[in-house]
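Taking it in order: structure first as structure tokens, then the write-up.
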Amino acid sequence: MELGKINPLHRMRLLIIFLFICFVSTAQGEKKQTQERPGLFWYFSGLRPFKDTDRKKYDRVIVDLTYNDWIGENGPFNNNWNSIGVAASLNKDILLERSEKITLGIGLGYGYLNHRTPRLFYVTPFESVQSQVPASSDSIISSFFTVHQFYIPLELRFRSKGWKHKKIILGARLGIQPFMNISSYRTFEGQVEYSEVKLKEEYNWFYFSTYIRCGFRNWSLFCAYQPLSIFSNNQSMEIHPLQMGVSLSLF
């Protein structure tokens, strides 16, 4: 049958069938492509067009939600369960080989360490930091020790192939701790009173920590340890911050 002699209705049917086949093929291709996006904006290129390797980079924005504790005097695992902190970093994923199984990570980050502890921190007249368990007659409700950190993360990343990849990340953080506070809530004459002391020269501004992440795709378990004591005065209590939690890679 010549094409010119095909009934217009038949032509319309053939066109519909052809468009349907094209749509299904495209949808299948898009479904396969979305499997390469294990997180939000995984193909975000910034101010320049994509290269092939850019589409296979991971762990560029990482958020950590952690339980905060310490090792040293009066620890570990004595802090309250809701000693929750958070950290976030923006990283560059640098490929070391074409197989993408080994990469480097470097970037900038911010961390907030919140320790809700049954102990009461205080500064002595000799500018050292100590803590003690409040007496039963004390009206203390809760006590907090908080730290703000800005850091550069350096990471060595190992991962398997595929969009459902497994990964192990070994890292270190080099940074500063410009803000550190001790605070507490008390009851006095039926009212709740809040007191806060902003530490100044009683702690080390520069800090170093090591950490590890183990997981799959864009989720992983996280553990960090600060080998240097957080306070600068030799007469202060010696504590080394410890963090444990989960990490989410947004893209």
Atom [atom1] of residue position [X] - does it have more than 12 heavy atoms of other residues, nucleotides or ligands inside 6.0 Å?
X	atom1	answer
Leu170	CG	yes
Phe179	CZ	no
Glu201	CD	no
Tyr110	OH	yes

For the student: nearest non-hydrogen atoms of [X] and [Y], plus distance:
X	Y	value
Arg119	Ser143	O-OG, 3.0 Å
His165	Ser160	CB-O, 3.1 Å
Tyr67	Asn80	CE1-O, 3.2 Å
Arg173	Ala87	NH2-CB, 4.2 Å
Pro227	Ser209	CD-CA, 4.1 Å
Arg157	Asp59	NH2-O, 3.0 Å

Any donor-acceptor N/O pair, [X] side chain to [Y] backbone, under 3.5 Å:
X	Y	answer
Ser236	Val129	yes
Asn233	Glu127	yes
Asn91	Gly105	no
Asp69	Ser83	no

- Message: Regarding Asp93 and Lys167, does a basic nitrogen lie under 4.0 Å from an acidic carboxylate oxygen?
- Response: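 No salt bridge links Asp93 with Lys167.
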Given side chains that start at C-beta, do those of [X] and [Y] come closer than 4.5 Å, heavy atoms only?
X	Y	result
Ser183	Thr146	no
Leu228	Phe206	no
Thr103	Ile94	no
Ser220	Ile169	no
Leu154	Leu104	no

- Considering the options Asn218, Leu65, Ile62, which one meets the side-chain contact (heavy atoms from CB on, under 4.5 Å) requirement together with Leu248?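 That would be Asn218.
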What is the distance from atom [atom1] of [X] to atom [atom2] of [Y], rounded to the nearest 0.5 Å?
X	Y	atom1	atom2	value
Trp205	Met180	CH2	CE	10.0 Å
Ser229	Ile239	OG	CD1	6.5 Å
Phe222	Arg213	CZ	CZ	5.0 Å
Glu238	Phe231	CD	CZ	11.0 Å

- Message: If you take the centroid of each ring, where Trp contributes its six-membered ring, are Tyr203 and Phe145 closer together than 6.0 Å?
- Response: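 No, ring centres 6.0 Å or more apart.
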- Classify the side-chain pair Ser247/Asp64 by whether it contains a donor and acceptor separated by less than 3.5 Å. yes
- Tyr207 and Tyr151 aromatic ring geometry - parallel, tilted or perpendicular at 30°/60° bounds: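 Because their plane-to-plane angle is over 60°, the rings of Tyr151 and Tyr207 count as perpendicular.
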- Under 30°, 30 to 60°, or over 60°: which ring-plane class applies to Phe121 and Trp70, parallel, tilted or perpendicular? perpendicular
- Verdict with supporting geometry, Asn204 and Ser232, side chain to side chain donor-acceptor pair (under 3.5 Å): CA-CA 5 Å; Asn204 294 310; Ser232 58; 4.6 Å; no
